[in-house]
Structure formats: C-alpha cells, structure tokens
Protein chains: 2
Amino acid sequence: MQKRDKISLSVIRRLPRYYRFLDDLRSNDILRISSRELSERMGITASQIRQDLNCFGEFGQQGYGYNVDLLYNEICKILGVEKGYKTIMIGAGNLGRAIATHMNFGRLGFNLIGIFDNNEYVIGKKLMGIEILPNENLESFCGEYNPTAAILCIPKDSAQEMCDQLIHFGIIGFWNFSHYDLGLLNPNIVVENVHLGDSLMILSYRMQKQMEDVK
Amino acid sequence: MQKRDKISLSVIRRLPRYYRFLDDLRSNDILRISSRELSERMGITASQIRQDLNCFGEFGQQGYGYNVDLLYNEICKILGVEKGYKTIMIGAGNLGRAIATHMNFGRLGFNLIGIFDNNEYVIGKKLMGIEILPNENLESFCGEYNPTAAILCIPKDSAQEMCDQLIHFGIIGFWNFSHYDLGLLNPNIVVENVHLGDSLMILSYRMQKQMEDVK
DNA sequence: TAGATTGTTAATCGATTAACAATC
DNA sequence: TAGATTGTTAATCGATTAACAATC
C-alpha cells in the first residue's frame with residue numbers, strides 16, 4: 001500500500017482532491033492523463049503530483065501517464081473509503097440533521113448507524129431511516145453495535161466530556177463540528193475538527209485584503 | 001495594521017484559532033498570557049505564536065506577556081470581523097438552511113441579507129427572518145443592495161456558472177460548499193472552498209492508519 | 001526507433017524552531 | 001535591580017519545485 005514510511009499530512013490532505021478530479025475525469029470518459037495535464041487542471045505542479053503519488057506506489061507508466069480508472073481505484077484504497085466505518089452522530093440539531101441528510105457517507109467510507117440527542121422534541125423522530133435515540137442509550141448501543149467513528153454536532157461546552165465518554169465506548173475517530181479543538185490530549189484517537197467559523201473568518205480577512213489591493 | 005509585506009496563508013489560517021483561544025481566556029477572566037502558556041494550551045510552539053503575531057505588530061510586552069483583551073481586539077481588527085460584509089446565500093436546501101440558522105454570521109464578519117433558491121417549495125418561506133427569493137431576482141437584488149459576499153450551497157454542476165454570474169453582479173468573496181474547486185481561474189475574487197467530504201475522507205485515511213499502528 | 005512521461009534525486013524555497021539580546 | 005518574556009535574527013527542518021536518467 002505504502003512505499004514511504006511516514007507520509008506527511010500535507011500529502012494526505014491533497015489526496016481527496018486528487019480523488020475528486022479523477023472521479024470527474026472518469027465521468028467524462030477520459031481514460032489516461034499525464035501529470036502535466038492533471039497539474040494544469042488542478043492548479044498545482046506536475047512535480048508535486050508525481051511526488052505525492054509516489055509516496056504510495058508507482059501507478060504511472062513512462063511515456064503514457066496514468067490510467068485514470070486504475071489511479072482512482074488506488075486512491076480509493078489508500079483513503080480506505082471502502083471500509084464503511086460504523087458511525088454514530090451525536091446531536092441532531094439544525095447542523096446535525098443537515099449533515100446526516102446531505103453527506104453521502106457510504107461513498108466517503110462511513111456507515112451511519114445511530115443518531116443521538118438529548119432534546120425530547122427530536123428523540124423518537126427519524127432521520128435517513130434512523131430513529132433518534134436519547135444520549136443515555138449510547139453505552140448500550142455502542143456495546144451492541146461497536147461503532148468506531150462519531151460525528152459530533154454538539155455545543156462546545158459538552159464536546160470534551162462527550163469525547164472522553166465515547167473513547168471509553170470504543171470510538172477512535174471523531175468528526176467534530178463543535179467549535180472546540182478536540183484531540184489535543186489523546187494521541188490514540190483521530191480527530192478532524194471542522195471549524196466552519198474559522199473558514200468564514202479567513203474569508204473575511206482575505207476579502208479585506210483583496211479590497212485594499214484593488215484600491 | 002501590518003508590519004510585514006506578504007503574510008503567508010499558513011499564518012492567516014492560524015489566526016481564527018488564536019482568536020478562539022483568546023475569546024476563551026477572556027470568558028475565563030484571564031487578563032494576561034505569555035506565549036509559552038498559550039503555546040501549551042494550543043499545542044504549538046511559543047516561537048510560532050510570537051512569529052505569527054509579529055507579522056502584524058508588537059502586541060506584547062517584555063517580562064509581561066500579552067494582554068488578552070488587547071490581543072483579542074487586535075486579531076478582531078486583523079481578521080476584519082467588524083466589517084459585516086453584506087452577504088447572500090444561494091441554495092436553501094438542507095445544508096443551506098442549516099448554515100443559515102447555525103452560523104453566527106454577525107460575530108464572524110458577515111451580514112446575511114438575502115437567500116435565493118430555485119425550488120418552488122422553499123421560495124417565499126422565511127429563514128432567520130429573511131424571505132427566500134427565486135434566483136431570477138438575484139440581479140435586481142444585487143443592483144439594489146450591493147452584497148459583496150455569497151455563500152454557495154448548490155450542486156457542483158451549477159457552481160461555476162453561478163459564480164461567474166455573481167462576479168458580474170459585484171460579488172468578490174465566496175464561501176463555497178458545492179464540492180467544486182472554485183476560484184482556480186479568476187484571481188480577482190476570494191474563495192473559501194469548504195470540502196466536507198474531503199475532511200471525512202482524511203478521517204477515514206487516518207483511522208485506517210491508526211488501526212494499523214495499534215495492531 | 002523516437003517521443004513522451006514517469007520515478008527519483010538534487011536544488012530551492014518557505015515555514016518552523018531555537019537562541020538570545022533588548023527591555024519591561 | 002533581578003526575573004520574565006518579548007521581538008527578532010539565525011539555524012533547522014520539511015515541503016515544493018526542477019532536472020534528468022530510466023523506460024514505456
């Protein structure tokens with residue numbers, strides 16, 4: 001699977017983007033592509049593409065380039081999107097409900113099997129065919145079904161406590177929307193903190209800059 | 001505002017995180033903090049903090065550290081979150097509605113003034129006190145209110161076309177949720193592409209890695 | 001075979017960390 | 001004043017880009 005020992009996070013963060021572009025090429029029935037042409041489409045250097053891919057294997061062929069389908073499937077495997085990690089969601093408020101309905105979990109490597117909330121108005125309702133259960137059921141649910149990933153759509157204040165609890169119940173991967181930086185302490189878990197607010201503030205900064213430059 | 005000429009994106013992307021941690025310190029009535037202590041809380045080096053902040057000015061004091069409130073306000077200004085850019089949202093499906101209700105735009109530098117969709121079932125309904133209008137009203141609306149930012153919660157296929165149109169109507173900043181890499185062509189606009197799927201795939205990769213390592 | 005393009009090494013560039021004089 | 005901690009320069013580290021021999 002992997003040629004090099006330690007693959008840098010910079011490389012890993014680019015993989016999904018390759019994956020998307022290759023998927024696009026596939027849908028357009030493009031069978032082969034050179035690093036140069038892909039680099040032009042993606043706005044990065046061909047050198048970087050070749051370096052990145054060679055962390056994982058030799059997927060190309062001199063004089064030919066890369067077979068789109070083959071490369072797509074390799075990145076699929078590298079990312080592990082066929083694993084379908086059993087996943088629970090904590091918090092079925094506005095954001096949780098939107099994430100649950102909007103994301104194509106199956107294609108992204110996850111399998112949503114449980115949704116939990118403490119609000120009596122949503123408990124018992126269904127989302128994507130899944131009944132929303134009260135948080136108190138978490139332990140027994142995890143005991144029975146052994147999910148490995150959790151999506152946190154809960155407020156900042158309860159995030160760390162919930163995280164600790166879930167680790168105890170066997171969760172090792174967290175997709176965290178709670179405006180809180182999870183995972184600074186525990187090196188045995190994997191966390192993707194999604195900070196939508198940060199992204200918006202960065203846009204604000206850059207718009208400001210852009211407007212100054214135009215002036 | 002700014003000491004150095006060109007500030008790297010790496011630095012900028014860390015600013016909102018400083019902002020959040022400082023906000024937290026404020027709420028806990030902590031008046032001063034040294035780069036060393038902040039570095040321990042944030043899990044980065046003190047050196048990096050001092051370097052980052054010194055891109056913008058000299059906000060600390062030798063032997064004392066940084067005044068939390070002062071630094072918070074400086075970062076506020078740097079990020080431009082007091083600007084309140086007039087903003088429109090395109091697409092009021094699941095995700096759009098959740099974003100509209102969930103984000104605290106005011107605190108993040110934006111002011112949501114219009115929401116647009118083409119689905120007859122949502123047109124006319126209200127979200128956060130704003131009536132959802134049909135896309136055909138976009139031009140006249142922009143002509144009248146001159147928004148500068150747009151949030152795209154629309155499908156991939158229509159993203160580029162919509163973007164081009166909105167540039168024409170005066171939009172310069174895009175917060176893009178459409179699974180499409182906007183802004184590769186036009187250097188006069190500012191784009192924050194939010195790829196939730198990418199984040200999830202990265203989690204998948206890292207969980208896989210984590211499980212291998214434990215074995 | 002000749003042309004194209006990879007995989008990989010070397011060179012460059014930029015970002016992070018360390019060190020320390022300046023100074024509160 | 002003595003201790004603490006900044007701002008800043010220098011050293012290190014890592015990531016990106018360039019170059020090119022290998023080879024399809």
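Chain letters run A, B, ... following the sequence lines, proteins first and then strands; every chain starts at 1.
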A:Gln62 vs C:dA4: side-chain N/O to OP1/OP2 distance below 4.0 Å: no
Under-4.0 Å side-chain N/O to phosphate OP1/OP2 contact, A:Ser35 with C:dT5: no
Any side-chain donor near an acceptor of the partner, A:His195 and A:Asp181, under 3.5 Å: yes
Atom-to-atom span, CG of A:Asn67 to C1' of C:dT6 - whole angstrom: 15 Å
Close side-chain approach of A:Ile44 to A:Tyr18, heavy-atom, < 4.5 Å: yes
Aromatic ring pairing B:Tyr19/B:Tyr72, orientation class (parallel under 30°, perpendicular over 60°, tilted between): parallel
Side-chain N or O of B:Arg50 closer than 4.0 Å to phosphate OP1/OP2 of C:dT16: no
Length of the line joining A:Arg36:CZ and C:dA4:P, which is rounded to integer Å: 10 Å
Main-chain N/O of A:Ala149 paired to A:Lys86 side chain as donor or acceptor, under 3.5 Å: no
Any donor-acceptor pair under 3.5 Å from B:Thr148 side chain to B:Ile172 backbone: no
N or O in side chain of A:Arg14 less than 4.0 angstrom from D:dT16 OP1/OP2: yes
Nucleotide D:dC20, atom P - distance to CG of A:Asn54 in whole Å: 19 Å
Base C:dT17 paired with B:Gln51 side chain (donor-acceptor, <3.5 Å): yes
B:Ser10 side-chain proximity, nearest of C:dT16, C:dG7, D:dA15: C:dT16
Of A:Gly63 and A:Asp52, the one whose closest DNA chain D nucleotide lies more 5': A:Asp52
Whole-Å gap separating P (C:dG14) and CD1 (B:Ile7): 15 Å
Closest listed nucleotide, where the reference is the side chain of A:Ser47 and the choices are D:dT8, C:dT6, D:dA19: D:dA19
No-hydrogen, no-angle side-chain donor-acceptor test under 3.5 Å, A:Gln160 and A:Asp164: yes
Interatomic distance where CD belongs to B:Gln48 and C1' belongs to C:dT17 [whole Å]: 9 Å
Over-ring placement of A:Arg32 relative to A:Tyr66, 6.0 Å and 45° cut-offs: no
Contact under 4.0 Å: A:Tyr66 side-chain N or O vs C:dG7 OP1/OP2: yes
Dot-bracket notation for DNA chain D, counting Watson-Crick and G-U pairs under 3.5 Å, with | for partners on another strand: ..||||||||||||||||||||||
Mutual orientation of the aromatic rings belonging to A:Trp175 and A:Phe177 [parallel < 30°, tilted 30-60°, perpendicular > 60°]: perpendicular
Between P of D:dT8 and CZ of B:Phe56, the distance in whole Å: 14 Å
Nucleotide of C:dT16, C:dC24, D:dA19 approaching B:Gln61 most closely (side-chain heavy atoms): C:dC24
For atom CD of A:Glu58 and atom C1' of C:dG7, their distance in whole Å: 6 Å
Spacing of B:Leu9 atom CG relative to D:dA15 atom C1', expressed in whole Å: 15 Å
